[in-house]
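Notes follow the structure.
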Amino acid sequence: MSESVETNIEFFTFITGLQNKELTSLKNLIESFPYKKTHKINIIDKSDKLKEKYKKKEKIYHSDKHYVIKDELDFDFQYWIELKNLYKDNVNIINAHKYSTHVEGVHEILNKLSSKKYVVIMDSDIEFINHNYLKDVVDIIKSFNRDENLAGIGEIYQEAPFSLPFKRYVSQEFYKLLLNDSRSSLKNFLKNIFSFFLYGKKYKNERIHKLPRIFTSLILINRELYNKYNMNYNYLWLEVFDKYKNEWLSNRVMGDAGSSFLFQIGQYQKKFVNISYRKYINHSRKGSRPTLKKDLEDKNWLRFDF
């Protein structure tokens with residue numbers, strides 16, 4: 001008898017060891033996880049490998065463009081051992097063989113570690129708010145994957161519309177206010193309105209554009225299609241120059257892993273079902289980021305999530 005859709009789904013998340021608040025977030029995720037009777041959370045544990053890099057004062061990469069050199073390691077390893085013992089019946093710990101970026105880790109899950117057809121990737125700083133997610137995605141799979149062309153299920157959103165002719169003197173924060181999933185605020189809005197009237201058309205903003213993205217903190221991926229078409233989970237970076245008042249200025253076009261995956265789905269003419277993650281989880285964001293300040297040696301080309 002073939003395996004049912006529900007039992008052909010695996011759940012994965014990560015713990016890096018970068019910040020102690022990861023442990024609190026992960027504890028909330030495990031306790032709120034609604035499917036303990038039928039599924040375990042597979043946790044890729046990078047903490048020991050991070051400790052090795054820390055002792056050697058090596059760069060710790062979040063992505064190929066962003067790394068951090070930590071002055072101190074804010075992670076309670078003893079408490080992590082206690083949590084693993086406490087939740088041993090609910091989780092499966094997979095010790096990472098090296099400290100990798102998040103996108104490398106996701107690719108390894110899809111390429112090597114998972115044995116199921118469908119893989120749900122979760123951030124460790126999410127918390128389930130109801131029991132509906134698994135039933136809903138199973139119903140979607142049954143409805144949309146009869147032709148074996150459903151590549152994934154998640155939320156697609158546009159964080160900053162890309163258009164080279166953006167007016168240089170209008171801050172990009174202003175455009176973010178017009179978006180459905182805006183990360184701007186009233187404070188930033190007032191600040192940018194003030195800058196606009198203060199500088200007017202003399203103000204030259206470097207343009208920062210983001211391609212359409214998939215919210216990757218809760219995403220279901222068809223592992224079989226992913227590997228059949230040799231897909232990859234990576235970042236897209238493009239620097240474009242256009243002329244403004246006889247000066248060549250930069251337009252940085254960025255796509256995170258969700259953007260590249262979305263692009264590949266389109267490239268191979270597969271399907272993606274758009275759902276709202278807010279129906280199922282709360283997302284605190286920045287689970288492995290400092291709470292009050294950035295690390296002193298925080299280096300990046302351009303961030304997606306700060």
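Start at 1 with the first residue, then count along the sequence. Computed from a predicted structure; not experimentally measured. Atom set for the values below is all heavy atoms of this structure, side chains included, hydrogens, waters and symmetry mates excluded.
Side-chain contact between Ile30 and Val91 is present, with at least one heavy-atom pair separated by less than 4.5 Å. Using a 4.5 Å cut-off on side-chain heavy atoms (C-beta onward), Thr7 and Thr38 make no contact. Two residues are said to be in side-chain contact when any heavy atoms from C-beta on lie closer than 4.5 Å; Phe261 and Ile221 meet this criterion. Here the side chains of Ile41 and Phe12 are not in contact, with every heavy-atom distance at 4.5 Å or above. Within the 4.5 Å cutoff, no side-chain heavy atoms of Val103 are placed close to those of His107. Side-chain contact between Lys51 and Phe75: absent, with no pair of heavy atoms (C-beta onward) separated by less than 4.5 Å. Side chains of Ile44 and Leu113 form a contact here, defined as non-hydrogen atoms less than 4.5 Å apart.
Ile129 and Ile281 are not part of a single hydrophobic cluster, where members link through side-chain heavy atoms under 4.5 Å apart. Clustering ILVMFWY residues whenever any of their side-chain heavy atoms sit less than 4.5 angstrom apart, transitively, puts Val253 in a cluster other than the one holding Phe263.
With respect to the salt-bridge test (charged N to carboxylate O, under 4.0 angstrom), the residues Lys27 and Glu31 qualify. Using a 4.0 Å cut-off between charged side-chain N and carboxylate O, Lys49 and Glu52 make a salt bridge. A salt bridge does not link Asp89 to Lys40: none of the charged side-chain nitrogens sits closer than 4.0 Å to a carboxylate oxygen. Between Glu10 and Lys117 no salt bridge is recorded (no basic side-chain N to carboxylate O distance below 4.0 Å).
Using modelled atom types and a 3.5 Å distance limit, the side chains of Asp48 and Asn95 yield no donor-acceptor pair. For the residue pair Asn92/Asn42, the side-chain donor-acceptor check at 3.5 Å is satisfied. If you check the side chains of Ser217 and Asp123, you find a donor sitting under 3.5 Å from an acceptor. Residues Glu108 and Ser100 have side chains that never bring a donor and an acceptor to within less than 3.5 angstrom of each other. In summary, the side chains of Asn149 and Lys270 do present a donor paired with an acceptor at a separation below 3.5 Å, with no hydrogens or angles considered. With 3.5 Å as the limit, one finds no donor-acceptor pair spanning the side chains of Tyr35 and His131. Judged by distance alone, the side chains of Tyr118 and Arg223 never bring a donor and an acceptor atom under 3.5 Å apart. A donor and an acceptor atom, one from each side chain of Asp136 and Tyr280, are located under 3.5 Å apart. Between the side chains of Glu104 and Thr101, at least one donor N or O lies within less than 3.5 Å of an accepting N or O.
Glu22 contributes a side-chain N or O that, together with a main-chain N or O of Leu18, makes up a donor-acceptor pair within less than 3.5 Å. In this structure a side-chain-to-backbone donor-acceptor pair under 3.5 Å is missing from Ser47 to Thr16. Ser25 places no side-chain N or O within donor-acceptor distance of the main-chain N or O of Asp125, the cut-off being under 3.5 Å. Listed for the Thr13 side chain is a donor-acceptor partner under 3.5 Å among the backbone atoms of Met122. Using a distance-only test at 3.5 Å, with no hydrogens or angles considered, a donor-acceptor pair links the side chain of Tyr226 to the main chain of Tyr233. Using a distance-only test at 3.5 Å, with no hydrogens or angles considered, no donor-acceptor pair links the side chain of Asn222 to the main chain of Gly152. No donor-acceptor distance shorter than 3.5 angstrom exists from the side chain of Thr216 to the backbone of Gly258, with no hydrogens or angles considered. A distance-only check finds a donor-acceptor pair linking the side chain of Ser260 to the backbone of Ala257 [under 3.5 Å]. The backbone N or O of Asn232 lies less than 3.5 Å from a partner atom in the side chain of Gln264, making a donor-acceptor pair.
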